[in-house]
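What follows is a set of notes on a single structure, which appears directly below.
First the proteins, then the strands, lettered A, B, ... as listed; each starts at 1.
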There are 2 protein chains.
Amino acid sequence: MPGPTPPPTDPDASPAPTTPSPAVACGMECGEISHAISRVARSHRVTAGQLLRRLGLYPGQELLMMRLWEVGPQRQSELIKLLGIDASTVTRMVQRLEQAGLVSRRPSPDDRRAVLVETTAAGEALRAEVGQVWQELEDRTLAGLTDDDRRDLARLLSLLERNLTAG
Amino acid sequence: MPGPTPPPTDPDASPAPTTPSPAVACGMECGEISHAISRVARSHRVTAGQLLRRLGLYPGQELLMMRLWEVGPQRQSELIKLLGIDASTVTRMVQRLEQAGLVSRRPSPDDRRAVLVETTAAGEALRAEVGQVWQELEDRTLAGLTDDDRRDLARLLSLLERNLTAG
DNA sequence: GCCAAATGCTTGGCCAGCCAACTATTCATG
DNA sequence: CATGAATAGTTGGCTGGCCAAGCATTTGGC
């Protein structure tokens, strides 16, 4: 019986769907929204990756470049705060972007511990294309949503972000 | 002048914030929601990772386990469809879960290409704890949201998912 | 019955991202 | 002024996740 039968454990599992599961008490379906977040996030990243591939970028790198375009040369510690990712991730991402010729690094004159990261001419040349890719990504993501939907979504996402970064 | 000054390129950048940027035309702020999705997704995954760590799981693995608990022994190709992730990812994830003693693999009697994956007793023992972790994650994520908010969010996320998996 | 096409899975290679441990520099405090 | 604490960055090690290439098996078409 290797078919898609439910697991034979829990022999007292009643087939009535209205009865709450005895193992875990869940409001509707357990972790429904967390599941949806996982799936949407992965699809979103994959879509970004497909669009960025033609520019020679990997998903995640465009976020760093966009920050540099937005705020100008920055020390890595500032990028870490702005992007909210781990220091070691930034170190290696900057190393790869430097190797690709898109950013350059130089020691900070004020603080001999710090490294300043700035875009090169080649990096600057990607700015418009990345903007188009990002716009295309946003368009695909939000296709069919009304302006009200978009406002709601932005509001709800910012609530989630606050919740999840509080701890 | 290594301060956080804006980049000196684009000398015609007017300081009026109401004027659309000449480089890229964006509705409100460029890719606002895509940025929010990225940030929320990362925080969500990090939070899941912190909660799962005490169970010896890495984020992503719990999704595979939950599917197995839900639908019973499955061939990998079915898990690939259910989880929507790459075949190679499932292969290696199952390898690691097997090494951790949480799942076992055996060849399918019907199809000599296929591999059946099922949970072990040790894997089954994690079921309740993973359910609690997932519930805690959902609670933290949705803290402060009304029931209406949650319904809206679920609806909007499912729209995004449809949009992003269409291509 | 045979051979090409489709399916199921694996491996190699790459990247983002995390944690832990470490070095070098700066800062604060007595 | 000296010493410990905080900060900046790096490296090692591990995972999830992707793509591309490859192998074994099954299936469809002739």
Side-chain angles (χ1 to χ4, degrees), chain A residues 2 38-65 74-100 102 105-117, chain B residues 2 38-39 41-65 74-100 102 105-117 164:
Chain A
S38 302
R39 288 193 303 264
V40 167
R42 194 157 19 73
S43 300
H44 188 261
R45 193 178 182 84
V46 166
T47 303
Q50 290 168 348
L51 294 171
L52 288 168
R53 156 165 296 201
R54 64 193 72 166
L55 306 183
L57 289 178
Y58 287 86
Q61 296 181 338
E62 90 281 15
L63 296 170
L64 197 153
M65 295 301 292
Q74 293 290 309
R75 40 168 67 189
Q76 288 189 190
S77 58
E78 206 58 35
L79 290 173
I80 290 165
K81 279 186 222 158
L82 288 171
L83 296 170
I85 59 183
D86 193 80
S88 59
T89 301
V90 171
T91 291
R92 279 187 261 250
M93 211 184 299
V94 168
Q95 285 172 350
R96 284 168 184 141
L97 288 171
E98 184 183 31
Q99 200 169 356
L102 301 178
R105 308 170 46 184
R106 60 186 163 88
S108 165
D110 305 332
D111 188 335
R112 279 165 39 188
R113 300 169 297 179
V115 177
L116 287 180
V117 184
Chain B
S38 301
R39 288 193 303 265
R42 194 156 16 75
S43 301
H44 187 261
R45 192 177 183 84
V46 166
T47 304
Q50 291 168 348
L51 294 171
L52 289 168
R53 158 166 295 202
R54 66 194 67 164
L55 306 184
L57 289 178
Y58 287 85
Q61 296 180 338
E62 89 280 16
L63 296 171
L64 196 154
M65 295 302 292
Q74 294 290 308
R75 38 166 69 186
Q76 289 190 189
S77 58
E78 206 58 35
L79 290 173
I80 290 165
K81 278 187 222 160
L82 288 172
L83 297 169
I85 60 184
D86 193 81
S88 60
T89 300
V90 170
T91 291
R92 277 186 264 250
M93 210 184 300
V94 168
Q95 285 172 350
R96 284 167 186 142
L97 288 171
E98 183 181 34
Q99 199 170 357
L102 301 179
R105 309 170 45 184
R106 61 186 162 90
S108 165
D110 304 332
D111 188 335
R112 280 166 35 188
R113 299 169 299 176
V115 177
L116 287 181
V117 184
L164 290 168

Tell me the interatomic distance from [X], atom [atom1], to [N], atom [atom2], rounded to whole angstroms.
{"X": "B/R42", "N": "C/dA16", "atom1": "CZ", "atom2": "P", "answer": "13 Å"}
{"X": "B/D86", "N": "D/dA21", "atom1": "CG", "atom2": "C1'", "answer": "13 Å"}
{"X": "A/R92", "N": "D/dC14", "atom1": "CZ", "atom2": "P", "answer": "13 Å"}
{"X": "A/R53", "N": "C/dA16", "atom1": "CZ", "atom2": "C1'", "answer": "15 Å"}
{"X": "B/L79", "N": "D/dG17", "atom1": "CG", "atom2": "P", "answer": "13 Å"}
{"X": "A/D111", "N": "D/dA6", "atom1": "CG", "atom2": "P", "answer": "17 Å"}
{"X": "A/R113", "N": "D/dA6", "atom1": "CZ", "atom2": "C1'", "answer": "8 Å"}
{"X": "A/M65", "N": "C/dA16", "atom1": "CE", "atom2": "C1'", "answer": "17 Å"}

| request: Please evaluate the base of C/dC19 for a donor-acceptor partner in the side chain of A/S88 within a cut-off of under 3.5 Å? | output: yes
For [X], which contact category applies under a 4.0 Å heavy-atom criterion: base, sugar-phosphate, or nothing?
{"X": "B/S77", "result": "sugar-phosphate"}
{"X": "B/E62", "result": "nothing"}
{"X": "B/V46", "result": "sugar-phosphate"}

Please confirm whether the shortest side-chain N or O distance from [X] to OP1 or OP2 of [N] is below 4.0 Å.
{"X": "A/R45", "N": "C/dA16", "answer": "no"}
{"X": "B/T91", "N": "C/dT10", "answer": "yes"}
{"X": "B/Q61", "N": "D/dT15", "answer": "no"}
{"X": "A/Q95", "N": "D/dT11", "answer": "yes"}
{"X": "A/Q50", "N": "D/dC18", "answer": "no"}

| said: Given 3.5 Å as the limit, does a donor-acceptor pair link the side chain of A/R105 with the main chain of A/V115, or not? | reply: no
| Sub-3.5 Å donor-acceptor pair from the side chain of A/R96 to the main-chain atoms of A/Q61, do we have one? |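 Not confirmed, A/R96 side chain does not pair with A/Q61 backbone.
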| request: Find the distance between CZ (A/R75) and CG (A/D111) and round it off to the nearest 0.5 Å. | output: 5.0 Å
| task | Output the distance between atom CG (B/L97) and atom CG (B/L57), rounded to the nearest 0.5 Å. | result |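 Those atoms lie 7.0 Å apart.
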| Residue pair B/S88, B/D86: steps toward the side-chain hydrogen bond (donor to acceptor under 3.5 Å, both in side chains) verdict | CA-CA 5 Å; B/S88 60; B/D86 193 81; 2.6 Å; yes
| field | Of the listed nucleotides D/dT26, C/dA20, D/dG9, the one nearest the side chain of B/R112 | value | D/dT26
| field | Residue whose closest nucleotide on DNA chain D lies nearer the 5' end, A/T89 versus B/M93 | value |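 Looking at the nearest nucleotide for each, A/T89 comes out on the 5' side.
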